[in-house]
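Side chains are part of it too, since the values below use all heavy atoms of this structure and drop only hydrogens, waters and symmetry mates. For ligands, and for the atoms within them, numbers begin at 1 and follow the listed sequence.
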Amino acid sequence: MKAFADISGGRLEATEYDNNFADIKPPLTTLQAQVESARCLFCYDAPCITACPTGIDIPGFIRGINTGNIDGAAHTILTSNILGASCARICPVEILCEQACVRSHEQECRPVLIGQLQQHAMDHRRDKSAQPASRAPSTGKRIAIIGSGPAGLSAAWHLAIKGHDAIIFEAADKPGGLNTYGIARYKLSQETVDEEIEYLMGIGGIELHCETAIGQDISLSELRREYDAVFIAAGLQAVNYLNIEGEDSDAICNAVDYIAELRQSHELAKLPVGRRVVVIGAGNTAVDIATQSRQLGAEEVSMVYRRGPQHMSATDHEQHVAKDHGVTLRYHARPARILHNHDAMTGVEFERTHTDDQGNLSGTGEYYTLPADMVFKATGQTFIPEPFTDGETLQLSKGRIHVDDQFRTSLTHVYAGGDCVDRDDDLAVVAVQHGKLAAQAIDLDLKAQEGQ
Ligand SMILES: Cc1cc2nc3c(=O)[nH]c(=O)nc-3n(C[C@H](O)[C@H](O)[C@H](O)COP(=O)(O)OP(=O)(O)OC[C@H]3O[C@@H](n4cnc5c(N)ncnc54)[C@H](O)[C@@H]3O)c2cc1C
Ligand code: SF4
């Protein structure tokens, strides 16, 4: 992260940091879980199952909680989603299972709290090492996995239960991908991430090599020669540019880089944070950095978006989280330039925008300035293909790796899933499902080759 010579942190009392970064959703007590589980109607053809990207048998695990069979509930969750502990905390349930819940209508005001019940089952299972499946006898097949985020970890576990060996190569010094370096600290603790990784590696047959970057330390073609298959789960690595004057200023920071630092920091008071922070962007990353800037002691935080609230990719729930933390959401404006007085940033000049009936955006020629001493860019991330383009080139579409419905890429024996592919939403639970489905496809393809 940049040095931010003129910006300091540490404006809060130690207890304020602890309170601000405490779990945003306090866990349910046993009694609360019991009462909440009784609200489930155990629907036939439950729409919540269809809305879950990993297809968890939601009424099935809720019935387990309701009858006091917490281990059975956890087993049901883990059978479909081996990262059920982290997904319970970070899934945007308000646009997935809880949105689909039949209790989510006006008279009842709210759906069954599926996410919190899932967290309850995962936290209260008695044997935290029990696996939902056992490992098949070794096949002798070795599959290389690039990246240890939700997609890579899920693929590794699902390959391991089929009896294959999964060898994960991770560029970072710790595994977990964005679960370790991206998700907001108030949603997911590092302890939960570490426990989950240790748990799923407990199945056996999974090797993890951190600080090993494909394209730098080993090439994709070497992996293709040495392994029976390769699964690319490298996520997105680059942050989009704003292309405005003053963008190289020291007081402009990529939100994702800053969040990575924040996630791993043991001394939050030492993190530099401006008094007047401007966040440019409208997705969940923008909400996360805006909210966490407030939690770190920023006095004024504005999130600025070039279109209206209905076009923001952050969910309504996330927008409310930001507002509840005192973030001001400003719409219909785009950054024009960063303003400085000598070396110090003084603000950002914005141009008001207009969106016509066809959705085309244009500047109005009217400008205003927001005072700021720190700016975060949260304008989306992109896939960098270069590490994976030695020798033959991977076919891309929409700037990401193109895969077929079996997660096969254009290169033989090379599969891909998670954020780096050209399908589905960029969500942890979707990446988990991609890893699961790709592992099943790899297993079937390897068996088909054996049979030839
Ligand atoms: C700030 C932020 C907040 C988010 N919040 C949420 C949320 O609250 N809920 C939610 O569901 N989703 C959230 N997401 C999205 C979610 O984190 C991703 O969809 C998910 O992590 C994708 O998983 P993945 O395994 O595809 O990639 P990643 O988690 O990005 O993991 C990819 C891994 O590959 C490694 N890698 C990359 N290149 C190489 C290489 N050349 N060699 C070796 N290793 C490599 C990376 O170091 C990384 O560890 C958030 C994303 C961001 C950026
Ligand atoms: S839709 Fe709601 S009420 Fe019906 S099974 Fe799912 S959680 Fe229970």
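Distance check for Cys48 against atom 8 (Fe) of ligand 2: none of its N/O/S atoms falls below 2.8 Å. Taking backbone and side chain together, Cys43 holds an N, O or S atom under 2.8 Å from atom 4 (Fe) of ligand 2.
Heavy-atom minimum distance, Ile56 versus Gln118: CD1-OE1, 3.6 Å. Minimum heavy-atom separation, Phe388 to Ala234: CZ-CB, 3.6 Å.
Numbered from 1 in the order shown, with element, the atoms of ligand 1 that lie under 4.0 Å from a heavy atom of Ile259 read 1 (C). Heavy-atom contacts of Phe169 reach the following atoms of ligand 1: 43 (C), 44 (N) (cutoff under 4.0 Å). Shown in contact with Ala151 at under 4.0 Å from a heavy atom are these atoms of ligand 1, numbered in order with element: 25 (O), 26 (O). The distance from ligand 1 to the heavy atoms of Ala233 drops below 4.0 Å at these ligand atoms: 32 (C), 33 (C), 34 (O). Those atoms of ligand 1 that come under 4.0 Å of a heavy atom in Thr285, given as number and element, are 1 (C), 2 (C), 52 (C), 53 (C). Atoms of ligand 2 found under 4.0 Å from any heavy atom of Pro59 (numbered from 1 in listed order, with element): 5 (S). Within ligand 2, the atoms closer than 4.0 Å to a non-hydrogen atom of Val102 are 1 (S), 2 (Fe), 3 (S), 4 (Fe), numbered from 1 in the order shown. Of all atoms in ligand 1, listed by their number and element, those nearer than 4.0 Å to a heavy atom of Ile90 are 7 (C), 8 (O), 9 (N), 10 (C), 11 (O).
Here the protein heavy atom with the shortest distance to atom 40 (C) of ligand 1 is Ile214 N, 3.7 Å. For atom 19 (O) of ligand 1, the closest non-hydrogen atom on the protein side is Asp419 OD1, 2.8 Å. Nearest protein heavy-atom neighbour of atom 51 (C) of ligand 1: Leu178 CD1, 3.8 Å. Nearest protein heavy-atom contact of atom 15 (C) of ligand 1 is Asp426 O, 3.5 Å. Nearest to atom 38 (N) of ligand 1 among the protein's heavy atoms is Ala234 CB, 3.6 Å. Protein heavy atom closest to atom 12 (N) of ligand 1, with residue, atom name and distance, is Ala428 N, 3.5 Å.
Between His209 and Phe169, the ring planes lie parallel to each other; the angle is under 30°, not in the 30° to 60° tilted range.
For atom 27 (O) of ligand 1, the candidate residues are Gly177, Gly147, Gly235, Gly435; the nearest heavy-atom contact is made by Gly235. The closest heavy-atom contact to atom 13 (C) of ligand 1, among the options Ile218, Ile183, Leu427, Val429, comes from Ile183. The closest heavy-atom contact to atom 33 (C) of ligand 1, among the options Arg89, Glu318, Glu170, comes from Glu170. Among Gly149, Ala171, Ala184, Gly182, the residue whose heavy atom lies closest to atom 31 (O) of ligand 1 is Gly149.
Both the sub-6.0 Å distance and the 45° axial angle are not jointly satisfied by Arg306 relative to the ring of Phe350.
Contact annotation: the side chain of Val421 never approaches that of Phe383 to less than 4.5 Å [non-hydrogen atoms, C-beta and beyond].
The proximity of Ile114 to ligand 2, defined as any non-hydrogen pair under 4.0 Å, is limited to the side chain.
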